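A note on names: the letters A, B, ... follow the listed sequences, proteins ahead of strands, and every chain is numbered from 1. Keep in mind that this is a model prediction, so the values were computed, not measured.
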Number of protein chains: 2
Amino acid sequence: MEVALAAVAGRWTTLLLRELMHGPRSFSQLRAALPKLSAKVLSERLATLARADLVECERQKGFPSHAVYQLTPVGRTLRPLLIELYRTGDALLRERAAWGIRSVSGRG
Amino acid sequence: MEVALAAVAGRWTTLLLRELMHGPRSFSQLRAALPKLSAKVLSERLATLARADLVECERQKGFPSHAVYQLTPVGRTLRPLLIELYRTGDALLRERAAWGIRSVSGRG
DNA sequence: CCGTATCCCCTGCGATACTG
DNA sequence: CAGTATCGCAGGGGATACGG
């Protein structure tokens, strides 16, 4: 469980993976899909996911540069987990509509 | 997804929930089940889960004091998610046996 | 036995500015 | 456009000691 949790942990990772579940996406497409995610963090998350072999990167050299990211076969195995996260989160929200996102993991 | 993730986030939360899935447990039983989890963090996690109405606490006053924790109905709805986390983690480990737990969420 | 208070570290994240 | 460098902050978590 800890391994799977580590794979999807992080404020943006699930959203990023969900976006990539729809198909390959360029850096800028991801930025557009997740406007509040800074380039730095996006880059960090993608690098981390790539290191874990969950995501692959294809770079077109030239100008302007272009990079396309897509899930690896291993990355695609996360789909059921993401679906379950969505289902569960949805159910929790129905029970407790007032919850904030960080209300559970926070200390105070 | 973020909500569900927040609910199970934390290094020990999933293991704690899994333990409680088996039935009510006292503080010391939980400590025994998770020896590397300090009392402070255990208390923190339980308090957080209690605040989120995922776990309930029953205290016997007296000496020595005793407290019993159990899942609420809402908490029990997390079971499919935990199962999926287990399944996915297992699958990931089969693909990449060398992964460390923090290798995905870490920076470097 | 159950829990909390302190202290410290580590790391994820945000903002901004910069390079190729 | 893609990605990195720097700075700063917040908070989870470990060790330890203390309180109820």
For every nucleotide of nucleotides 14-20 of chain C, 5' to 3': is a protein heavy atom under 4.0 Å from its base (B), only from its sugar-phosphate (S), or from neither (-)?
BB----B

In whole Å, I'd like the distance from the CG atom of B:L46 to the P atom of C:dC2.
11 Å

Provide, to the nearest angstrom, the distance between the CZ atom belonging to B:R51 and the C1' atom belonging to D:dG12.
13 Å

On a heavy-atom basis, which atom in B:L20 and which in B:Y69 lie closest, and how many Å separate them?
CD2-O, 3.6 Å

Does B:R59 place a side-chain N or O at less than 4.0 Å from the phosphate oxygens OP1/OP2 of C:dG3?
yes

Checking the side chain of A:S43 only, and the main-chain atoms of A:A39 only, is there a donor and an acceptor separated by less than 3.5 Å?
no

Same apolar cluster (I L V M F W Y, side chains within < 4.5 Å links), B:L37/B:V68
no

So, does A:S43 get its side chain near the phosphate of D:dT4, meaning an N or O under 4.0 Å from OP1 or OP2?
yes

Find the distance B:Y69:OH to C:dC1:P and express it as a whole number of Å.
14 Å

Just to confirm, is there a sub-4.0 Å distance from OP1 or OP2 of C:dC13 to any side-chain nitrogen or oxygen of A:R45?
yes

Whole angstrom value for the distance that separates C1' of D:dG20 from CD of B:Q60:
17 Å

Rounded to whole Å, please give me the gap between CG in B:L42 and P in C:dA5.
16 Å

Could you tell me the separation between the CG atom of B:L5 and the P atom of D:dG12, rounded to a whole number of Å?
13 Å

A:L49 CG to D:dG3 P, in whole Å, measures 13 Å

Tested for side-chain contact (heavy atoms from CB on, under 4.5 Å) against A:L71, the lone hit among A:L49, A:L17, A:T77 is A:L17

Path from B:L16 to B:I83 over hydrophobic side-chain contacts below 4.5 Å:
no

Answer yes if the side chains of B:E84 and B:T88 hold a donor-acceptor pair under 3.5 Å, and no otherwise.
yes

Under a 3.5 Å distance rule, please check whether B:Q29 uses its side chain to pair with a backbone N or O of B:S26 as donor and acceptor.
yes

Figure out the CD/C1' separation between A:E58 and D:dG3, and round it to whole Å.
18 Å

